[in-house]
Amino acid sequence: MKLVVAVVQDKDAGRLIEELVERGYRATKLASTGGFLKEGNTTLLVGAEDAQVDEVVAIIKRVCRPREQVVTPLGPIGGAVDTYVPYPVEVIVGGATIFVLQVERFEHV
Amino acid sequence: MKLVVAVVQDKDAGRLIEELVERGYRATKLASTGGFLKEGNTTLLVGAEDAQVDEVVAIIKRVCRPREQVVTPLGPIGGAVDTYVPYPVEVIVGGATIFVLQVERFEHV
Amino acid sequence: MKLVVAVVQDKDAGRLIEELVERGYRATKLASTGGFLKEGNTTLLVGAEDAQVDEVVAIIKRVCRPREQVVTPLGPIGGAVDTYVPYPVEVIVGGATIFVLQVERFEHV
Ligand code: NI
Ligand code: NI
Ligand code: NI
């Protein structure tokens, strides 16, 4: 048995939990802030049999893969709004940090 | 040294922490949601000497054992309240998912 | 690779994260309550290469070392305020409980 600890972006957490549950895994969502990823993040605990770890890691990497997102930034706060022309920019979102831990003993009641 | 990670129902967490503290253990309560258990849940971290793990696991299993609870559901929201007769039903509450992890190094200051 | 789980006082968490980040480490802050330390506490997850664990533990112990703090308690709530003379007392603040876990597999995307 393994315990997978995954730190992912908040915006990916909902879909990641859905995909894990669809495949029969159970994920516990811990409230977390800052840290491994710059934006708001979520720490998930996922229990997995040894033979399932590859699949769990693959699901996390697929759902949370870093990708470009086009955003149109707001004007500078308190800035010269009349001369500010907003234009879309590409930012990287997603990403995941995954720790797989050996579980010495597992109990479920 | 072991680190016991236990996911339990919110409603059991208070009494579980009390019983652990009474027996000399210290538990840290992490805010958590969804996941291993369908209802609101709590993740506890409990440090334990190797020889204490059996007792910690036994306390968790005893306090959080699944049991029937009689609840009287509210009427259907927005439903035909005049024809709705509430009657008590039995639901299962409790349950715990317990991961015991080997601690390679433990420091306490 | 190791996962360092540190339970520290809320009041030390901000400076600890700053010092870890300055040294190139990334820490994820989990919301936590009660437990290993009597006052409000924070649980940090810090990933570290094997050779970095000593430094991470040293930073935590230095920032969170128990120390005396002089506080002036408020008067007893609802008590005889007119006869209550507040005087400063020394309390111990700080402290940390650190678990170092072996990471079997580490992935970063
Ligand atoms: Ni079950
Ligand atoms: Ni102590
Ligand atoms: Ni990175």
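Proteins get letters first, then strands, A, B, ... in listed order; numbering begins at 1 in each. Here the structure is a predicted model, which is why all the values come from computation and not from measurement.
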Evaluate side chain to side chain contact (heavy atoms under 4.5 Å, CB included) for A/Glu104 paired with B/Val53, printing each intermediate quantity in order.
-> CA-CA 11 Å; A/Glu104 199 177 273; B/Val53 170; over 6 Å; no
Dump the intermediate steps for side chain to side chain contact (heavy atoms under 4.5 Å, CB included) on A/His108 and B/Val7, then the final yes or no.
-> CA-CA 10 Å; A/His108 180 68; B/Val7 184; over 6 Å; no
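At least one side-chain heavy atom of A/Leu30 sits under 4.5 Å from a side-chain heavy atom of B/Thr43. Between A/Leu45 and B/Phe99, every side-chain heavy-atom pair lies at or beyond the 4.5 Å cut-off. Between A/Gln102 and B/Gln102, every side-chain heavy-atom pair lies at or beyond the 4.5 Å cut-off.
The contact between B/Val5 and chain A is made entirely by side chain atoms (from C-beta outward), counting heavy-atom distances below 4.5 Å. With a threshold of 4.5 angstrom between heavy atoms, A/Leu101 approaches chain B through side-chain atoms but not through N, CA, C or O.
Residue-environment remark: CZ (A/Arg62) exceeds the threshold of 12 foreign heavy atoms within 6.0 Å. More than 12 heavy atoms of other residues, nucleotides or ligands lie within 6.0 Å of CZ in B/Arg67, so this atom counts as buried by the packing criterion.
Taken from CZ in A/Arg26 to OG1 in B/Thr97, the straight-line distance is 6.5 Å, to the nearest 0.5 Å.
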